[in-house]
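Structure, as structure tokens:
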Amino acid sequence: ERGNGIVVFEDNTATPKYKIWDGSSWGAEKDVTVSTTTGTPIWIRLCANPNANSNEIALAWVTDGKQVGAKIWDGATWGNEVLLSSAGATTGQTVDVAYRQESCKPIFVFSDADSASGGKVKSRIFNGVSWDDETDAVNVGAAGAAGDGAENVEYLVLKPNTTDQVMLIALDSGDDVTAKRFDGTWNTHKDVNGGARGNINQYADVCWEINTDHKGHCLLVFGDDTTA
């Protein structure tokens with residue numbers, strides 16, 4: 001219901017748990033029953049639909065077995081589960097989800113290593129009824145220059161603006177920072193920095209400006225392994 005809060009957490013089992021805050025007290029602990037992953041969740045992300053008339057919440061998680069799963073909460077039950085990847089990464093936040101603010105559809109980004117590249121980031125959208133096809137977002141990392149998938153994905157950040165655009169920031173094992181914008185399709189990536197201060201932690205973040213004079217502007221801040 002509107003105004004309720006939900007928290008999802010792991011308890012060292014393969015089944016995530018959740019509790020609901022109804023505005024005055026916490027409800028009983030319940031299972032988020034999963035069928036697509038078997039490992040213990042080590043990273044969990046939630047994001048709420050911006051539509052004021054919706055109770056929908058998107059959930060994504062990564063397991064210690066490098067499986068990446070997702071489900072949708074409709075205000076009463078969890079459903080529409082999908083296995084996003086069986087070859088994710090467990091180093092940091094290698095999955096994220098954000099709602100596009102006009103269409104109110106969640107877009108998920110996640111690490112997906114394959115035989116050709118350890119640095120592949122893919123995306124998938126839940127269209128309100130079913131899952132759209134998987135798309136390639138960006139290949140990150142390459143010996144000091146992001147972009148060709150030579151390095152492993154270590155951390156992902158996805159932020160929406162007030163329209164249907166989202167900005168993806170990817171950190172890789174070569175300390176590269178890559179940015180890429182989505183407005184219905186993924187645009188040309190930008191190699192922001194080739195020497196960020198580490199990769200396991202979040203050494204980069206991005207935020208959109210909301211003033212109408214700066215519509216579509218966003219600010220990216222990152223470490224570059226220096227003291228200033």
Side-chain angles (χ1 to χ4, degrees), residues 8 37 39 41-48 58-71 82-100 105-114 117-126 131-132 134-142 145-161 165-183 185-194 196-208 218-223:
V8 178
T37 64
I42 60 172
W43 209 282
I44 294 173
R45 299 292 289 165
L46 286 173
C47 190
L59 164 67
W61 68 93
V62 180
T63 75
D64 57 3
K66 298 185 178 181
Q67 300 160 320
V68 186
K71 294 194 83 157
V82 67
L83 178 67
L84 296 175
S85 173
S86 58
T90 58
T91 47
Q93 182 178 294
T94 55
V95 64
D96 206 0
V97 56
Y99 271 86
R100 303 178 70 194
K105 297 176 181 178
I107 179 170
F108 297 74
V109 292
F110 50 96
S111 170
D112 186 71
D114 60 23
S117 165
K120 188 179 292 294
V121 181
K122 294 186 177 182
S123 67
R124 202 160 181 186
I125 291 174
F126 180 71
W131 291 92
D132 290 349
E134 177 185 282
T135 60
D136 288 343
V138 65
N139 289 353
V140 304
D148 76 349
E151 305 289 352
N152 293 320
V153 177
E154 303 281 5
Y155 212 100
L156 299 174
V157 179
L158 191 65
K159 296 286 184 72
N161 69 1
Q165 298 184 86
V166 295
M167 187 69 73
L168 167 66
I169 303 299
L171 286 75
D172 65 49
S173 57
D175 296 347
D176 306 304
V177 180
T178 303
K180 199 165 189 181
R181 180 173 59 90
F182 181 85
D183 60 3
T185 59
W186 289 102
N187 294 273
T188 303
H189 76 269
K190 173 65 175 176
D191 304 333
V192 178
N193 185 268
R197 186 179 177 272
N199 43 59
I200 302 299
N201 296 313
Q202 186 179 337
Y203 290 112
D205 204 0
V206 63
C207 190
W208 293 86
C218 68
L219 177 67
L220 170 65
V221 179
F222 54 91

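Heavy-atom basis, side chains included; hydrogens, waters and symmetry copies ignored.
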Pairwise distance CG(Asp112) to CZ(Arg124) - rounded to 0.5 angstrom: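 If I round to the nearest 0.5 Å, the distance is 11.0 Å.
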Point-to-point distance, once rounded to the nearest 0.5 Å, from OG1 of Thr91 to OH of Tyr155: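 Spacing of OG1 (Thr91) from OH (Tyr155) equals 10.0 Å.
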Heavy-atom donor-acceptor pair, Thr94 side chain to Ala89 backbone, under 3.5 Å: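 Flag set: sc Thr94 to bb Ala89 pair under 3.5 Å.
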Test item: Asn187 side-chain N/O and Arg181 main-chain N/O as donor-acceptor pair under 3.5 Å: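 Yes.
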Measure the shortest side-chain to side-chain distance between [X] and [Y] over non-hydrogen atoms and say whether it is less than 4.5 angstrom.
X: Phe182; Y: Gln165; value: no
X: Leu168; Y: Val121; value: yes
X: Asp176; Y: Leu171; value: no
X: Phe108; Y: Leu84; value: yes
X: Ile107; Y: Leu158; value: yes
X: Trp208; Y: Met167; value: yes
X: Leu156; Y: Ile169; value: no

Other residues, nucleotides, ligands: >12 heavy atoms within 6.0 Å of Lys180 NZ: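 Yes, NZ of Lys180 has more than 12 neighbouring heavy atoms, counting only those of other groups under 6.0 Å.
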Pair Thr63, Thr37: side-chain N/O donor-acceptor within cut-off below 3.5 Å: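 No.
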Residue pair Ser86 / Gln67, side-chain donor-acceptor N/O under 3.5 Å: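 There is no such pair (donor and acceptor under 3.5 Å, judged by atom type) between the side chains of Ser86 and Gln67.
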Proximity of Trp43 and Phe110 rings by center, below 6.0 Å: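 Here the rings of Phe110 and Trp43 have centres that are no less than 6.0 Å from each other.
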Considering all heavy atoms of both residues, which atom of [X] and which atom of [Y] are nearest to each other, and what is their separation?
X: Lys66; Y: Thr90; answer: CG-CG2, 3.7 Å
X: Pro160; Y: Ala98; answer: CD-CB, 3.9 Å
X: Tyr99; Y: Ala58; answer: OH-N, 3.6 Å
X: Arg45; Y: Val95; answer: CG-O, 3.6 Å
X: Val157; Y: Ala204; answer: CG2-O, 4.2 Å
X: Asp172; Y: Glu154; answer: C-CG, 3.5 Å

Residues Glu134, Lys122: salt bridge by 4.0 Å N-O rule: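 Yes, this pair counts.
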Pair Asp205 + Lys159: basic N to acidic O under 4.0 Å: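 Judged by the 4.0 Å cut-off on N to carboxylate O distance, Asp205 and Lys159 do form a salt bridge.
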Candidate pair Thr135 and Trp186, rule side chain to side chain contact (heavy atoms under 4.5 Å, CB included), full reasoning: CA-CA 9 Å; Thr135 60; Trp186 289 102; 3.9 Å; yes
Candidate pair Ile44 and Leu59, rule side chain to side chain contact (heavy atoms under 4.5 Å, CB included), full reasoning: CA-CA 7 Å; Ile44 294 173; Leu59 164 67; 3.6 Å; yes
